[in-house]
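Below you'll find the structure, written out as structure tokens, and then a few comments.
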Amino acid sequence: MTALKIASWNINSVRARIDIVERFLREEQPDILCLQETKVVNDIFPGGIFHQLGYTHQILHGQRMHHGVAIISRIPIREDAESQWRFDWQDNGEARHVGVQLDCGIRLENVYVPAGGDIPDAELNPKFGQKLAFIERMTRWAEQISQPTLLVGDFNIAPLECDVWSHKQLLNVVSHTPIEVEALAGLKAAHDWVDLGRKFVPPPERLYTWWSYRAQDWAASDRGRRLDHMWASPEVAKLATAHKVHEPCRGWLKPSDHVPLVTEFEV
DNA sequence: ATGGTAGCAAAGCTA
């Protein structure tokens, strides 16, 4: 048995955030870091800094301006047939997924689900329909999974009442609407996924991973939501030994509005 | 009831 530590973080621009990513890697020492919203094309991804820190394996899927995902690792990670490992679940070319194979036999999938716009109505707001379609395509994919898998990333949905600061006030706010929660439940059932956040921090305990930039004092108002998740195949979930949400990162200089999730495994 | 902030990249889009 060897220890394996995997982190996931919506970084909201890896270039603007390079100092705090470096601090996080030095302090937390994950073996693998999955990033979402890197906001950079592959050519100018700041890979040299990560390489110096020992993260010599880097699988990038970036694009200009928005979105973008990456997996950086200090242990080997492998891509197989490239198209197989970069799903386009929105069918519009946006860079929102990258997946790799680990030597221990686990498949690691890093996803950035679209936010879905402001209006929770697919007729009035096409982005909301695209978000639901994305989850639907993920569900079809999940039904066919044949390997032990860890699915991590920014799902942009907070499913439980204790995943948001006010269930009542967010019922009609995109990220916590019943239609999104139902779609996410369908995805969860499609592979019998284990929600590692709630395995380690059971309801009704408060658990958030995101706080808006628009609050005057994010910590004082604490109007958070749990938008980021780590879901494991049942056999992978059994290997998990610890899990945490790094809330202090929200208070670091020039923070992301999301904080990192970290899970430790014995594989 | 509204607007509040942030990054990219060069005005508005996405979040």
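Lettering of chains follows the sequences in order, A, B, ..., and the numbering in each one begins at 1.
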Would you mind reading off the distance between [X] atom [atom1] and [N] atom [atom2], rounded to a whole angstrom?
| X | N | atom1 | atom2 | answer |
| --- | --- | --- | --- | --- |
| D19(A) | dG7(B) | CG | P | 13 Å |
| R214(A) | dT2(B) | CZ | P | 15 Å |
| H258(A) | dG7(B) | NE2 | C1' | 13 Å |
| D154(A) | dT14(B) | CG | P | 16 Å |
| Q130(A) | dC13(B) | CD | C1' | 14 Å |
| N12(A) | dA6(B) | CG | P | 10 Å |
| N10(A) | dT5(B) | CG | P | 20 Å |
| W211(A) | dA6(B) | CH2 | P | 17 Å |

Taking [M] as the reference, what is the distance to [N] when you measure between their [atom1] atoms (whole Å, please)?
| N | M | atom1 | result |
| --- | --- | --- | --- |
| dA10(B) | dA6(B) | C1' | 16 Å |
| dA15(B) | dG4(B) | C1' | 14 Å |
| dT14(B) | dA9(B) | C1' | 13 Å |
| dG7(B) | dA11(B) | C1' | 14 Å |

Checking contacts here: which listed nucleotide (dA15(B), dC8(B), dA6(B)) is nearest the side-chain heavy atoms of Y213(A)?
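The nucleotide sitting nearest to the side chain is dA6(B).
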Candidate nucleotides dA9(B), dG7(B), dA6(B), ranked by approach to the side chain of R64(A) - the nearest:
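In terms of side-chain proximity for R64(A), the closest of dA9(B), dG7(B), dA6(B) is dA9(B).
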A quick test of your reading: do over 12 heavy atoms of other residues, nucleotides or ligands sit less than 6.0 Å from CD1 of I44(A)?
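Counting other residues, nucleotides and ligands, CD1 of I44(A) exceeds 12 neighbours.
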May I ask you to check whether H246(A) and F24(A) place their ring centers less than 6.0 Å from one another?
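So the answer is yes for these two rings.
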Aromatic contact, H176(A) with H167(A) (centres under 6.0 Å):
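That pair passes the under 6.0 Å test.
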For A16(A) and for K127(A), find the nucleotide of DNA chain B with the closest heavy atom, then tell me which residue's nucleotide is more 5'.
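Counting from the 5' end, the first nearest nucleotide belongs to A16(A).
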If you find the nucleotide of DNA chain B closest to R15(A) and the one closest to E94(A), which residue's nucleotide is nearer the 5' end?
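On the 5' side of the pair lies R15(A).
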Which of parallel (below 30°), tilted (30 to 60°) and perpendicular (above 60°) describes [X] and [Y]?
| X | Y | value |
| --- | --- | --- |
| H229(A) | F155(A) | tilted |
| F87(A) | W89(A) | parallel |
| F45(A) | F50(A) | tilted |

Check this one for me: any side-chain N or O of [X] less than 4.0 Å away from OP1 or OP2 of [N]?
| X | N | value |
| --- | --- | --- |
| S13(A) | dC8(B) | yes |
| H66(A) | dA9(B) | no |
| R96(A) | dA15(B) | yes |
| K254(A) | dG7(B) | yes |

Looking for any heavy atom pair under 4.0 Å, which part of the strands does R17(A) touch: base, sugar-phosphate only, or nothing?
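If one applies the 4.0 Å heavy-atom cut-off, R17(A) turns out to touch the sugar-phosphate alone, with no base involved.
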Contact class for R225(A) (heavy atom, under 4.0 Å): base, sugar-phosphate, or nothing?
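If one applies the 4.0 Å heavy-atom cut-off, R225(A) turns out to touch nothing in the nucleic acid.
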